[in-house]
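Since the structure comes first, as structure tokens, the remarks are kept for the end.
Keep in mind that this is a model prediction, so the values were computed, not measured. Order of appearance sets the numbers: ligands from 1, and atoms from 1 within every ligand.
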Amino acid sequence: METHLSSASRPPAAVPAELFARTAQIAADWLRSLDRRPVAASATLGELRSRLGGPLPVGSVDPLTVVEDLARAAEPGLVAMPSGRYFGFVIGGGLPAAVAADWLTSVWDQCPGFYACGPAASVVEEVTGAWLAALLGLPADASFAFVTGCQTAHLTCLAAARHHVLDAVGWNVEELGLGGSPSIRVIVGARRHVSVDRAVRFLGIGRASLRVLPVDGSGRMEVSRLREELAAAGTPTIVCAQAGEVNTGAVDDLDEIADAVAGTGAWLHVDGAYGLWAAASPALRHLVRGVERADSWAFDAHKWLNVPYDSGLAFCAHPDSHRAAMTATADYLVQGGPGQPRDAMDWTPAFSRRARGFAVYAALRSLGQRGVADLVERSCAHARTFADGLAAVPGCEVLNEVVLNQVLFRFDDDRTTDGVLRRVIDSGEAWLSGTTVDGRRAIRLSVTNWQTSDSDIGRALDAFRNAAVEM
Ligand SMILES: *Cc1c(COP(=O)(O)O)cnc(C)c1O
């Protein structure tokens with residue numbers, strides 16, 4: 001029997017082919033503009049508010065008009081982050097296969113909390129998780145979760161750690177919470193990423209539980225101090241090591257840290273947001289030697305693997321603790337059990353979620369093992385070229401040993417450092433971010449984009465030479 005919708009509630013044409021074709025064209029125009037456009041946004045805050053703001057229209061607006069208007073209004077407020085000349089923070093770009101798979105992820109609109117909900121999305125996560133473990137040298141039987149980023153990956157991993165170290169002293173934290181529980185000590189290096197502190201806070205452990213260890217000049221945890229700290233009375237303990245300090249790229253001595261932790265009952269977590277990708281390169285793998293000995297690993301796909309935002313990963317060597325910390329069930333849900341298909345809901349803090357596996361799968365498949373290694377090695381080589389070029393600029397001092405893809409540098413005084421950076425950004429040739437190191441201003445460069453070329457490095461260096469002369 002035919003059902004009749006009133007014309008008012010009838011949905012618009014099922015396949016808005018013109019809308020999607022036009023959107024693809026807008027996307028292609030944007031990508032083609034990346035080499036030419038200034039890297040920084042050109043519009044001011046006020047301009048963007050007036051271009052994008054105003055009251056919500058009462059009536060509907062045709063979708064094609066909505067998209068064209070949005071693209072036009074947002075354009076001067078967009079930063080050319082996917083370009084090879086964006087060197088700010090640690091960002092990365094979008095590999096073509098990953099971007100395209102990300103489009104399909106939206107169109108397919110799967111909600112892969114459960115296998116029964118999105119079978120293909122679930123199996124793609126299962127396959128991709130195994131690929132990642134093999135590529136990065138993590139245990140093949142580690143459990144994993146596709147999450148929004150390294151911040152959420154820390155939350156996931158440290159929730160597993162919290163369960164594990166409290167379970168070992170007979171405290172069921174999922175049941176009892178933290179009120180009256182044995183206290184947890186979290187040992188970190190002084191130059192850890194702030195997202196670790198935030199995860200500790202979210203988990204109710206609290207900042208006061210952090211034991212902050214001194215680090216060497218490049219930001220690596222002093223392992224002798226870790227040994228002393230671990231020898232102190234045995235409260236449940238989590239150690240957070242780091243592969244890839246945000247300014248210098250320095251990697252903690254993970255093998256020595258794993259030696260120090262071995263046999264103490266402490267949980268070893270690694271923040272490998274971008275630095276863990278060194279494990280994919282035969283030439284750089286030595287930097288993360290021992291990483292496979294950790295209990296959990298948090299890292300990103302949206303940075304160095306060049307998957308579009310957002311995409312992070314949590315891996316855990318103790319699936320039972322991971323699952324105990326994350327799983328939830330209800331009568332109306334349809335989870336499998338052991339021997340059943342993998343349900344992402346057992347491993348992620350999310351309930352409904354985006355099918356993030358598709359884009360990671362596409363990135364890995366399009367690069368292959370060799371391609372991931374090339375991407376990582378090429379980025380590091382560009383960073384070294386940039387550092388060598390900078391060292392020849394009068395008044396410029398490179399502050400770090402360029403072990404990975406990060407360069408940290410400054411000019412004679414803070415005024416010059418900030419002035420040079422301002423001029424480079426205003427030139428539109430490159431975008432980098434500033435920081436403060438040992439009380440003095442400095443500039444950070446990160447090469448994390450698959451598109452960065454010799455010519456992009458040359459343009460950035462020219463911009464710095466010119467700015468230094470102008471100052
Ligand atoms: C970027 C970064 C994080 C946070 O990752 P998100 O993906 O932004 O959540 C954590 N640690 C390090 C070392 C990072 O570089």
- Spacing of I238 atom CD1 and R185 atom CZ [to the nearest 0.5 Å]: 11.0 Å
- Query: What is the distance from atom CD1 of I184 to atom OG1 of T235, rounded to the nearest 0.5 Å?
  - Reply: 9.0 Å
- Message: Between D255 and R293, does any NZ, NE, NH1 or NH2 come within less than 4.0 Å of an OD or OE carboxylate oxygen?
- Response: yes
Does ligand 1 have any N/O pairs with the protein under 3.5 Å, and how far apart?
unit_1   : atom_1 : unit_2 : atom_2 : d
ligand 1 : 5 (O)  : D300   : OD2    : 3.4
ligand 1 : 7 (O)  : C150   : N      : 2.9
ligand 1 : 7 (O)  : D300   : OD1    : 2.8
ligand 1 : 7 (O)  : D300   : OD2    : 2.8
ligand 1 : 7 (O)  : H302   : NE2    : 2.7
ligand 1 : 9 (O)  : C150   : N      : 3.2
ligand 1 : 9 (O)  : Q151   : N      : 2.7
ligand 1 : 11 (N) : D271   : OD1    : 3.1
ligand 1 : 11 (N) : D271   : OD2    : 2.7
ligand 1 : 15 (O) : K303   : NZ     : 2.8

- Item | Residue among W347, W297, F144 satisfying ring pair (Phe, Tyr, Trp, His ring centres under 6.0 Å) with F315 | F144
- Among side-chain atoms of E174 and H163, is any donor-acceptor pair under 3.5 angstrom? yes
- When rounded to the nearest 0.5 angstrom, what is the spacing between CZ in R354 and CG in D102? 4.5 Å
